[in-house]
Amino acid sequence: MRERNALLASSMSLFMLGFLLTACSPDASPATEGGNNSASPGKKEITISVYYPTPDLVEKRALEDDKIRRFTEKYPNVEIVKSDWHYDPNQIGIKMGANEAPTLFNTYATEGKFLAEKGWAADLTSLFQAYEFKDQMNPILQQQFVIGGKIYGIAQQGYVTGTIINKKMLEDKKIAVPPLDWTWDDMYNTAKAAADPAKGISGIAPMGKGNEAGWNWTNFLFEAGGDIQKVEGGKVTALFHSEAGVRALQFYRSLAWDAKAIPKDWALGWGDAVGAFAQSRTAMVIAGPDGPIDQALNQGGMKPADVLFYPMPAAVKGGKHTGVLGGDYLVINPKATQEEQEAAFRYATFDYFSDKGLASIEASIQQRKQDNKYFVPPVIEYFTSDSDYGKRVKAVYDKYDNVYQYLPDIMKYLDGKPEAQFNTQDYYAAMTSVVQDVFSRKDADPKTVLDAAAKLVQEKYYNSIKVE
C-alpha cells in the first residue's frame with residue numbers, strides 16, 4: 001500500500017521536490033540537462049496539464065512553478081496548465097470518462113496493472129526506449145510499471161517497507177540493539193523489553209486502523225513465505241489464509257497478548273503510529289522510512305544516531321527480510337495526442353540526471369540546515385546507486401552533517417515484494433478487520449478468522465475477475 005495520506009506530504013521529502021521539480025537552464029547541454037534528445041515536442045503549439053502540489057505545500061509549489069518557467073523557456077510552444085487533482089483510485093474512472101484527467105498525473109506502485117488494463121495509462125515504451133538515460137533508471141522501481149512487456153509509468157521514488165527503531169529508547173532501558181540480520185524472535189524480545197504499558201509506552205506500534213493495518217501485516221505474510229493471491233487459468237484465488245498466513249497472524253497475536261508490546265489503544269492509522277514514534281511513545285514502527293524518520297528528527301527532536309531503519313525481520317534465521325515494495329510514479333493520459341504525450345514525457349524527466357538536479361538537492365539540504373532541520377532522502381531513488389549520477393548524488397549527501405544516512409549494509413537485506421495485482425485495497429480492508437479481531441479478542445483463532453476473510457474476498461471480489 002502506498003502510504004497514501006502522508007507520503008506525498010512528508011515521506012516525499014524536500015529532496016524529491018528539489019530533485020524532481022527543479023529543471024535545467026534553457027541553454028544547458030543535453031548531457032548535463034538529463035533531457036531526452038528524442039521525443040521532442042517540436043514547434044507545434046501544445047497544451048498539457050500536469051500534477052501540481054496541494055496549496056499547503058508552499059515550498060513544493062514554488063519549486064514546481066520554477067520548473068514550469070524554465071521548461072516553457074526551453075519549449076515556448078508548450079503551455080503548462082496546473083492540475084490540482086491528485087490520483088484517487090475511486091475517481092480515476094470518472095476523470096477519464098469525463099476527459100478531466102490531467103495529461104501527466106501521479107500514482108502509486110499498486111496501480112500499474114489496473115491503469116494499464118483499464119486503458120487509463122499511455123503506453124510509453126517507445127518514448128522510454130528512446131530516453132538516453134533509460135539504462136540508469138532503477139529497475140527495482142521501473143519494473144513495477146512494465147505490464148505485458150510494455151512500459152506505462154515513470155518511476156520517481158520508492159521504498160521497501162521496513163522497521164524504524166528508536167535506538168535511544170532501547171539504550172536508555174539497556175536493551176541490546178538487535179542485529180541488522182534480525183528475526184521475528186528478535187523483534188518480539190525487543191518489543192517486549194521496550195514496552196512499559198503503565199506509562200503508555202509500547203515496544204512496537206503495528207497499524208490497526210484503516211487499510212494500512214492490512215498493509216502492515218502483509219509484510220509478515222511475505223516473510224513467512226506466503227502470498228496474497230495467485231493468478232492461474234484466468235482466475236484469481238486467495239492464498240493469504242495459508243499456513244504462512246496463520247504463522248504471521250499468530251505472531252501478531254503473540255505481540256499483543258503474550259508480549260503485551262503493542263499500544264493499549266492499538267487502533268492507529270499511519271499518522272497515529274508514526275506520530276507515536278516521533279513522540280517516543282513506541283520503540284518501533286513499520287513503514288517506508290523517510291516519512292517517519294523525517295518526523296522523528298524534525299518534529300520529535302531526535303538525533304540521527306537515535307533513529308535506525310532496519311529491514312523487516314526474517315521469520316527465521318537465514319530467511320528473507322521481505323517487505324512490501326511501494327513507490328511513486330508519473331503516468332501519462334492515453335487520451336492525449338502523440339505530441340502532448342511527448343511533451344509530458346519530457347516534462348516528467350526534465351530534471352532527471354541533470355546538473356541542475358544536483359544543485360537543487362544541495363540547495364534543499366542547505367535550506368534545511370539553515371532552518372535547523374534534517375534532510376531525509378528516499379531509501380530507493382529513481383536512479384541506481386551505482387550509476388554515475390547515483391555516485392554524484394551520494395557525494396553531495398556526504399558533504400553535509402544534516403543529511404540522514406541509512407545504515408551502509410541496509411540495501412543488501414531489503415527484499416521488496418510487490419503488492420497484489422488485483423483488488424489490493426479490498427484485500428487490505430479485509431485484513432484490517434482480521435488484525436482488529438486478533439488485537440481485541442485474546443481467544444480469536446488465527447486460522448478461523450483468516451479462512452473467513454479469504455472466503456469474503458474470494459466471493460466478493462476475486463470470483464468476478466476474469467484474467468485474459
Side-chain angles (χ1 to χ4, degrees), residues 1-16 56-57 59-60 157 159-173 175 177-178 187 190-191 193-197 199-210 212-213 215-216 219 255 261-312 323 326 364-365 368-369 371-379 401-407 410:
M1 174 183 177
R2 159 94 165 128
E3 296 168 12
R4 278 182 162 79
N5 295 328
L7 204 58
L8 282 177
S10 61
S11 188
M12 181 183 287
S13 63
L14 190 58
F15 157 76
M16 205 57 201
D56 57 307
L57 303 176
E59 292 174 320
K60 295 181 180 182
Q157 66 171 4
Y159 64 90
V160 174
T161 306
T163 307
I164 301 93
I165 299 174
N166 187 326
K167 181 183 177 184
K168 187 174 186 301
M169 282 183 70
L170 302 188
E171 291 177 340
D172 288 348
K173 293 194 70 173
I175 301 168
V177 177
M187 174 178 272
T190 303
D196 191 344
K199 294 182 179 178
I201 303 297
S202 67
I204 187 168
M207 296 168 196
K209 181 178 71 175
E212 50 263 57
W215 167 69
N216 254 198
N219 294 278
L255 285 173
I262 72 171
K264 186 176 180 180
D265 179 10
W266 44 260
L268 306 178
W270 192 95
D272 305 315
V274 169
F277 182 82
Q279 296 160 21
S280 296
R281 291 188 287 111
T282 188
M284 292 184 280
V285 69
I286 300 162
D290 43 335
I293 293 173
D294 189 276
Q295 286 197 36
L297 299 182
N298 295 318
Q299 298 177 33
M302 296 186 199
K303 301 299 181 185
D306 298 337
V307 186
L308 300 175
F309 175 62
Y310 267 39
M312 292 302 297
S364 296
I365 295 170
R368 286 225 152 186
K369 191 171 183 64
D371 295 337
N372 293 316
K373 290 185 176 181
Y374 292 96
F375 176 96
V376 184
V379 69
D401 61 3
N402 69 317
V403 175
Y404 181 83
Q405 300 279 358
Y406 296 101
L407 294 171
I410 187 65

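Sequence positions, counted from 1, serve as the residue numbers for this chain.
Side-chain atoms of P377 and D290, non-hydrogen and from C-beta on, never get closer than 4.5 Å to each other.
Judged as a salt bridge (Lys or Arg N to Asp or Glu O under 4.0 Å), and not counting sequence neighbours, the contacts of K167 are E171. The side-chain hydrogen bond (donor to acceptor under 3.5 Å, both in side chains) search around D371 returns Q367, not counting sequence neighbours. Among residues two or more places apart in sequence or in another chain, the side chain to side chain contact (heavy atoms under 4.5 Å, CB included) test is passed with N402 by I365, R368, K369, Y374, Y400. With sequence neighbours excluded, the residues forming a side chain to side chain contact (heavy atoms under 4.5 Å, CB included) with D306 are K168, M302, K303, listed by chain and number. Legend: residues meeting side-chain hydrogen bond (donor to acceptor under 3.5 Å, both in side chains) with N166, ordered by chain and number and at least two apart, are S280. Not counting sequence neighbours, the partners of Q279 by the side chain to side chain contact (heavy atoms under 4.5 Å, CB included) test are R281. Take A191 and apply the side chain to side chain contact (heavy atoms under 4.5 Å, CB included) test, not counting sequence neighbours, and it matches I204, L255, A261, M284. Residues satisfying the ring pair (Phe, Tyr, Trp, His ring centres under 6.0 Å) criterion with Y310, sequence neighbours excluded, are W182.
Checked by atom type and distance alone, the side chain of Y404 pairs as donor or acceptor with a backbone atom of V307 at under 3.5 Å. The backbone N or O of W270 lies less than 3.5 Å from a partner atom in the side chain of E212, making a donor-acceptor pair. When atom types are taken as modelled, the side chain of N216 and the backbone of A213 share no donor-acceptor pair closer than 3.5 angstrom.
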* Asked: Do I286 and M207 pass the side-chain contact (heavy atoms from CB on, under 4.5 Å) test, and can you show the C-alpha distance, the side-chain angles, and the key distance before you say yes or no?
  -> CA-CA 8 Å; I286 300 162; M207 296 168 196; 5.7 Å; no
* Carefully, step by step, assess Y406 and V376 under the rule side-chain contact (heavy atoms from CB on, under 4.5 Å). => CA-CA 9 Å; Y406 296 101; V376 184; 3.8 Å; yes
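To the nearest 0.5 angstrom, I293 atom CD1 is 7.5 Å from F277 atom CZ.
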